[in-house]
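Just so you know, residue 1 is the first one in the sequence shown, and it goes up from there. None of the values given here were measured: they were computed from a predicted structure.
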Amino acid sequence: MGTPQLSVLLVSWNTREQTRQCLESLAATVDPDLDYEVVAVDNGSTDGSADLLADRARVRLIRNNHNTGFAAAVNQAYRRSTGQLVLLLNSDVRFHPGALSRMIGYLRERPDVAGVSPLYLNPDGTFQQHYVQQPSFVATIALVTALRRLPGFRQALHRFQMRGEDFSRPRQLASGSCMLLRRAVLGQQTIFDEAFPVYWNDAVLARQLAQAGHELWMIPDAVVTHIRGASCRLLGPAIRFRHLLGSMVEYLKLTQPRHRMVAFRAALLADHLLKRLLGRPVQLDLADLLAALRGDVGPLPDGDTRDWVVLFSGTRWSVEQHQAVLGQLEAGQRLLFVDPPGRRPRWRCEMTPIGSTAWRAVAPTALPLGDWLPPVNWINRRVAAGVLRTWLDRQAGARLLRLDDERARPVLGRLGEDEVLPAGTPRPLERSGRG
């Protein structure tokens, strides 16, 4: 077999179903005369993703024992690939008919263009605003602080996110979720800077290519469906935000003078302290925030990444009474069952595992009489939410909040939940690739 024309680089981490759909759509969109290879890296998945990839024709699989991060896995795949065209492909992308052919055709027609991306649609068929440009300094502050509510910061953030822009015609921009590149414009060993394990690596790549005089374009007649970001949900909100912020700090070190770095860190610390004073939820505790502001993203999770269904019940846990709750869990879900506050104050929080699928939480009760006094109930629930979030922030997995007790409504928005489920009906999230 000769050198393939196209190498598809695919990273897998606990996204089995989306990976299957991605590969099926890829096979359906490829021209019969195109010689291509898929080089896939599985980052220690526990959901059978690696076995799925191993059984696929054209796939050359690299199995990692642990989660090395997106950037490192892409570089692994790149070093094993040989095609003159390189497709960076997230496992949450599904090609529409003819999309890949149009992308390849565009590069053949435009030898001055280094790479091309498609038009993204949401699963419901609506346009997906998945494009950004290189951010201004003001936009980076707006992205991660409450200053985004002020007009100047809000406008800078919207410019970065390309709100209201016209995507009905080809235009110059970059998007790393599905990007076809010429190998000739890339390095010999790496595509991404591994100092950016999950976030901002595509922005760094786009900046490097632009500095070398290379153009990246988007064409609207190549269309894909993109299920956005559920693989990153598996990180959990605290790990996710620390990676986002820590990598942003490293990006700013590349692009901004030192005095602006001082201003950025001061803005983040002031935002954190003000939220604490006002009793608002914060995304990181102070120690993790300080680490992220140094550019330290922390470790990536391994092992169990199943979704958490966090259930606030109106009754205390008993095996006989709540077997039905366990029976409602889907594959890929764990249960955190939260007892209602007690009648007497208690400050201990007890977290008890129940088999391999469920945990029981007996959260603190700050004040008595919560059953009769709504303000006391509000305080008790907020205290419990803070303690439980601290525990959850150390766990990987998306958080699906379910309230079977109407009195638990004060916890809404306090657990870093990814989604709120209707009472009595837990359901699985669609899982996808990095972006």
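- Within the cation-pi definition used here (under 6.0 Å to the ring centroid, within 45° of the axis), Arg58 qualifies as a partner of Tyr36.
- In terms of modelled atom types and a separation under 3.5 Å, the side chain of Thr145 and the main chain of Ile141 share a donor-acceptor contact.
- With a 4.5 Å cut-off on side-chain heavy atoms, Leu401 and Leu421 do not count as touching.
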Exercise. Going through the distances and angles, do Phe196 and Tyr251 end up as a ring pair (Phe, Tyr, Trp, His ring centres under 6.0 Å)?
Worked result: CA-CA 9 Å; Phe196 302 83; Tyr251 177 82; 7.2 Å; no

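- Between the side chain of Ser313 and the backbone N or O of Thr315, at least one donor-acceptor pair lies under 3.5 Å.
- Contact of the Trp359 side chain with the Phe337 side chain is not registered, since no non-hydrogen atoms from C-beta on lie closer than 4.5 Å.
- With rounding to the nearest 0.5 angstrom, the CG atom of Asp405 is 11.0 Å from the CG atom of Asp339.
- A donor and an acceptor atom, one from each side chain of Thr365 and Asn380, are nowhere located under 3.5 Å apart.
- Side-chain atoms of Asn122 come within 3.5 Å of backbone N or O of Phe127 as a donor-acceptor pair.
- In this structure, the side chain of Gln134 engages the main chain of Ala203 through a donor-acceptor pair within 3.5 Å.
- Of the N and O atoms on the side chains of Asn75 and Glu194, at least one donor lies less than 3.5 Å from an acceptor on the other residue.
- Contact annotation: the side chain of Leu403 never approaches that of Arg407 to less than 4.5 Å [non-hydrogen atoms, C-beta and beyond].
- In this structure, CZ on Arg360 lies 7.5 Å from CD on Glu350, to the nearest 0.5 angstrom.
- Ring-plane geometry between Phe192 and Phe70 is classed as tilted, the angle between the planes lying from 30 to 60 degrees on a 0 to 90 degree scale.
- To the nearest 0.5 Å, atoms OG1 (Thr255) and CD (Glu250) are separated by 11.0 Å.
- Counting only heavy atoms from C-beta outward, the side chains of Met261 and Val249 approach each other to under 4.5 Å.
- In this structure, Arg334 satisfies the cation-pi test against Trp308, with its NZ or CZ atom closer than 6.0 Å to the six-membered ring centre and inside 45 degrees of the ring normal.
- Judged by distance alone, with hydrogens and angles left aside, the side-chain atoms of Gln5 form a donor-acceptor pair with the main-chain N or O of Asp35 at under 3.5 Å.
- To the nearest 0.5 Å, atom CZ of residue Arg389 and atom CD of residue Glu417 are 8.0 Å apart.
- Using a 4.5 Å heavy-atom cutoff, the side chains of Pro118 and Cys178 are in contact.
- Looking at Leu268 and Phe264, their side chains come closer than 4.5 Å, going by heavy atoms from C-beta outward.
- Counting heavy atoms of neighbouring residues, nucleotides and ligands inside a 6.0 Å radius, atom CZ of Arg79 exceeds 12 of them.
- No donor-acceptor pair closer than 3.5 Å links the side chain of Gln328 to the backbone N or O of Leu326.
- With hydrogens and angles left out, the side-chain atoms of Ser91 and Ser12 include no donor and acceptor closer than 3.5 Å.
- For the pair Asp418 (side chain) and Arg399 (backbone), a donor-acceptor distance under 3.5 Å is present.
- One finds the CG atom of Leu269 at 7.0 Å from the CG atom of Leu286 (value rounded to the nearest 0.5 Å).
- Side-chain atoms of Ser25 do not come within 3.5 Å of backbone N or O of Arg94 as any donor-acceptor pair.
- Of the possible donor and acceptor atoms, one in the side chain of Arg242 sits under 3.5 Å from a partner among the backbone N and O of Asp296.
- For the pair Asp55 and Arg20, the salt-bridge criterion is not met [side-chain N within less than 4.0 Å of a carboxylate O].
- Below 30°, between 30° and 60°, or above 60°: for Tyr120 and His226 the angle between ring planes is between 30° and 60°, a tilted geometry.
- Of the options Asp304, Asp42, Thr46, Asn67, a side-chain hydrogen bond (donor to acceptor under 3.5 Å, both in side chains) to Asn14 is made by Thr46 and by none of the others.
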For this session: Report the C-alpha separation of Gln333 and Asp307 in whole Å, then their side-chain angles, then the decisive distance to 0.1 Å, and conclude whether the side chain to side chain donor-acceptor pair (under 3.5 Å) test is met.
Result: CA-CA 5 Å; Gln333 289 185 335; Asp307 301 339; 4.9 Å; no

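- A 4.5 Å side-chain heavy-atom check between Val38 and Leu26 finds at least one atom pair inside the cut-off.
- Ion pairing between Asp393 and Arg240 fails under the 4.0 Å rule for side-chain N and carboxylate O.
- Judged purely by atom type and a 3.5 angstrom limit, Asn90 has no side-chain atom pairing as donor or acceptor with the backbone of Val93.
- Listed by first then second residue, pairs satisfying salt bridge (charged side-chain N to carboxylate O under 4.0 Å, His left out) with a partner in residues 59-78 read Glu37-Arg60, Asp51-Arg63, not counting sequence neighbours.
- For Asp124, the CG atom is densely surrounded, since the number of other residues' heavy atoms within 6.0 Å is greater than 12.
- Using a 3.5 Å distance cut-off with no hydrogens or angles, the side chains of Gln21 and Arg16 do not pair a donor with an acceptor.
- Other residues, nucleotides and ligands place no more than 12 heavy atoms under 6.0 Å from the CZ atom of Arg280.
- Of all non-hydrogen atoms in Cys349 and Ala363, the two that sit nearest each other are SG-CA, 4.2 Å.
- Checking Asn64 against Gln76 by side-chain atom types alone, a donor-acceptor pair falls below 3.5 Å.
- Side chain to side chain, His130 and Ser177 meet the donor-acceptor criterion of an N or O pair below 3.5 Å.
- Contact annotation: the side chain of Leu89 approaches that of Cys22 to within less than 4.5 Å [non-hydrogen atoms, C-beta and beyond].
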Problem set entry | Stepwise side chain to side chain contact (heavy atoms under 4.5 Å, CB included) test for Leu388 and Leu415 | CA-CA 7 Å; Leu388 293 172; Leu415 291 164; 4.0 Å; yes

For this session: Verify side chain to side chain contact (heavy atoms under 4.5 Å, CB included) between Thr225 and Phe95, making sure each step is shown before the conclusion.
Result: CA-CA 7 Å; Thr225 293; Phe95 289 96; over 6 Å; no

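- Within 6.0 Å of atom CZ in Arg183, more than 12 heavy atoms from other residues, nucleotides or ligands are found, so the atom counts as buried in its surroundings.
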